[in-house]
2 protein chains.
Amino acid sequence: MTTAQRPTLEAVARRAGVSRATVSRVVNGSTTVAEPIREAVRRAVAELGYVPNLAARSLVTQRTDSIALVMPEAATRVFSDDQVFPGIIRGAAQELEAADKQLVLMLAGSPGGHERVERYTTGRHVDGVLFASLHGADPLPGRLARLGIPVVCSGRPLGDEDVPYVDVDHVGGVSRAVRHLIDGGRRRIATIAGPQDMVAGIERLTGYRETVVAAGLAEMIALGDFTRESGAAATRQILAEHPDVDAIFAASDLMAHAALRTLREAGRRVPDDVAVIGFDDIETAAYTEPPLTTVRQPIQEIGRQMTRQLLRLAAGEPIEPAVILPTELVVRESA
Amino acid sequence: MTTAQRPTLEAVARRAGVSRATVSRVVNGSTTVAEPIREAVRRAVAELGYVPNLAARSLVTQRTDSIALVMPEAATRVFSDDQVFPGIIRGAAQELEAADKQLVLMLAGSPGGHERVERYTTGRHVDGVLFASLHGADPLPGRLARLGIPVVCSGRPLGDEDVPYVDVDHVGGVSRAVRHLIDGGRRRIATIAGPQDMVAGIERLTGYRETVVAAGLAEMIALGDFTRESGAAATRQILAEHPDVDAIFAASDLMAHAALRTLREAGRRVPDDVAVIGFDDIETAAYTEPPLTTVRQPIQEIGRQMTRQLLRLAAGEPIEPAVILPTELVVRESA
DNA sequence: TTGTACGCGTTATCAC
DNA sequence: GTGATAACGCGTACAA
């Protein structure tokens, strides 16, 4: 391997005929440097192709200029096609690019992975940590927060953690969806709920129950885990238990997609016999048969907001403990 | 912010009653330490919750224990639901976890982003760089390779770059798909090609042309960019120019998906009137109407292989210049 | 087998 | 405004 010696501050200093300190000042944009010298340093930097050694810098500044994005990697969902995690990644990456910081991606799926994440983050190898929707009550965010390490979660953390988070208005969105079904004359409205160890699953079910109960209708609930497979199974269960169902609200588009197909296989027409509404508004939603009516959540914006909050936190600025983004009902043909 | 002073090697050494050097040796798994002392150090490390300072370590070792994964972020595709990039990310993350290295994700979409990637990678802030399918002939991989920085690309790099890469057998997969159509009695076989500035787009078109020509059939080509929108437009173009088309091979599942819908809108039945085959085997493929026959590529495996090659390279081991993974025709109902 | 001492490339605190 | 100089925390020859 070529050991192309990188130029150091020292080399630049020699070349520009100044001291290391001055070069450092110029590189870091200090204003207390005379313009001619500043210019000479600039030239030397360019000529030598000098790039600061981040390790050395971070050794003294105690900053790493990088933040970690931790994902649970629930085998089926994280990188399935629901685009939730890719969306968060992208939003975070955009904000970080603007701040010139690096994004370190960590999957905490395996037990070993979680241990690794813990070691790395508590070891202060990053300036802050972003947690993408967790399963259950993970104690790590709270622990990091108590260590004084900036943390922001996507989705209200379960448990009594006092960790800032960014989430969407699940209940409001679901409520709008269910009322849309009711307004359309549906009365036998079932739901395919998400996993009840995730905030998104819990809150979407809450939205369904509150709205249905308020309308004096019966609750019909089948549990899924956001995946298509679980959606298909839940749909079959609903059809078996409630043959007269005339609408289904699924807590994810993937489950709604499976419901569409399972209903068709069962001879039910959508939306004529059974109306279907999903949640997410993934790209596929516009291409299902029929196109899916769904609750849109601004996924990428979640990633951006999380990152913005984290950067503020890392800069020592105060932030609000929760940021709730709006959801929106997108009406297509399935309901 | 709490300034919880982290314990240093020095602190551990005092606690264990040995020198810093010995602690360092134990931490780094040197075998030349007597068992009793080793044990004492272990205990001190545990009691103090010592975690090595990566910045300090990398300052002296010249390694960063992190590698960069660079994605082009072609706005539409990177984080759309084709799962290619998420799949690569996941595969890479798995391999890196085993090697206890970090994954730094960089999006090179914007001009500024590309400049940033260049600055960061040439600055040797990572031990190696993974490039996910590039557009056009990006000079960066070659430049990094010449600087002696380990680089691996997904997809043969365009241009005369001599950079190691991992790719799938595009031509073989497409050839099998087209022959499947021919075997099914199709004679008017069109293709919706991918972007011709990406290797995947180029090679899949090559596979189509070679096979169609070898069978003495006419070429019917419409250009897309892997997205659904482009697939719909291309399908309309094909129907307009070749009303007698009886099969379409699309270079991506997303385009195939759009073709399915566009054909239906045009009153063509699939597969009765027109057979359709895609490429990728994304999750949605099994749920389209009708379920999509497609060429499966082992996306996650690409990420894993790239990473393995890169780690070998970084370890100074020799690697083969190209790794080609097999593709497989998955027959469902659309052809 | 263990300890001493030096250097990795920066930033920051001083004098000047 | 500029330049010495001392950390920052660690790995590793080299000596013992």
Side-chain angles (χ1 to χ4, degrees), chain A residues 3-42 44-45 48-66 100 119-120 122-127, chain B residues 3-42 44-45 48-66 100 119-120 122-127:
Chain A
T3 311
Q5 276 300 7
R6 296 173 47 189
T8 76
L9 215 47
E10 178 68 40
V12 178
R14 267 201 306 274
R15 175 124 187 169
V18 297
S19 74
R20 286 208 310 267
T22 299
V23 177
S24 175
R25 282 191 268 264
V26 172
V27 169
N28 292 294
S30 163
T31 49
T32 68
V33 177
E35 187 49 37
I37 293 197
R38 174 191 238 72
E39 184 47 36
V41 171
R42 284 242 175 74
V45 165
L48 265 41
Y50 168 76
V51 181
N53 180 318
L54 263 36
R57 171 181 288 171
S58 110
L59 187 56
V60 46
T61 60
Q62 307 278 38
R63 286 179 303 105
T64 64
D65 286 326
S66 67
D100 201 28
R119 192 160 37 86
Y120 193 73
T122 58
R124 293 176 186 273
H125 298 317
V126 287
D127 295 344
Chain B
T3 311
Q5 274 301 9
R6 295 173 49 189
T8 78
L9 217 46
E10 176 69 39
V12 177
R14 266 201 308 273
R15 175 127 188 165
V18 298
S19 76
R20 283 212 315 268
T22 300
V23 177
S24 174
R25 281 191 268 264
V26 173
V27 169
N28 292 295
S30 164
T31 49
T32 69
V33 177
E35 187 50 36
I37 294 199
R38 175 192 237 70
E39 185 47 38
V41 170
R42 285 245 172 74
V45 165
L48 265 41
Y50 170 75
V51 181
N53 180 317
L54 262 37
R57 171 180 288 172
S58 111
L59 189 55
V60 46
T61 60
Q62 305 279 40
R63 288 180 301 105
T64 64
D65 287 325
S66 67
D100 202 27
R119 191 159 37 84
Y120 193 74
T122 58
R124 292 174 186 274
H125 298 319
V126 286
D127 296 342

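Lettering of chains follows the sequences in order, A, B, ..., and the numbering in each one begins at 1.
We find that CG of A/L54 is positioned 15 Å from C1' of C/dC8, with the value rounded to whole Å. Distance CG (B/N53) to C1' (D/dC10): 8 Å, rounded to an integer number of Å. For the pair B/E10 CD and D/dC10 P, the interatomic distance rounds to 10 Å; values are reported in whole Å. Rounded to an integer number of Å, the gap from CZ of A/R20 to C1' of D/dT2 is 14 Å. Rounded to an integer number of Å, the gap from A/L59 CG to D/dA7 P is 14 Å. Between the P atom of D/dA4 and the CZ atom of A/R14 lies a distance of 13 Å, rounded to the nearest Å. Rounded to an integer number of Å, the gap from A/L9 CG to D/dC8 C1' is 15 Å. Taking atom CZ of residue B/R124 and atom P of nucleotide C/dG9, one finds them 12 Å apart after rounding to whole Å.
The phosphate of D/dG11 has OP1 or OP2 within less than 4.0 Å of a side-chain N or O from B/S24. Here A/T8 does not reach the OP1 or OP2 of C/dG9: none of its side-chain N or O atoms lies under 4.0 Å away. Put simply, A/T32 has no side-chain N or O that comes within less than 4.0 Å of OP1 or OP2 on D/dG1. Listed pair A/N28 / C/dT11 meets the phosphate criterion, a side-chain N or O lying under 4.0 Å from OP1 or OP2.
The side chain of A/S19 approaches D/dA4 more closely than any other nucleotide in the set D/dA4, D/dT12, C/dC6. When distances are taken from the side chain of B/R25 to each of C/dC8, D/dA13, D/dG3, the shortest belongs to D/dA13. Distances from the side chain of B/V18 to the nucleotides C/dG3, D/dT2, C/dT10 place C/dG3 closest. With D/dT2, C/dG7, C/dT10 as the choices, the nucleotide that has an atom nearest any side-chain atom of A/A34 turns out to be D/dT2.
B/T61 places a side-chain N or O within donor-acceptor distance of the main-chain N or O of B/R57, the cut-off being under 3.5 Å. Between the side chain of B/R38 and the backbone N or O of B/V33 there is at least one donor-acceptor pair closer than 3.5 Å. In this structure, the side chain of B/R6 engages the main chain of B/V51 through a donor-acceptor pair within 3.5 Å.
Between A/D65 and A/D127, the shortest heavy-atom contact is N-OD2, 2.7 Å. The two atoms that bring A/V12 and A/V41 nearest to each other are CG1-O, 4.3 Å, heavy atoms only.
Of the two residues near DNA chain C, B/T22 and A/V23, the one whose nearest nucleotide lies more 5' is B/T22.
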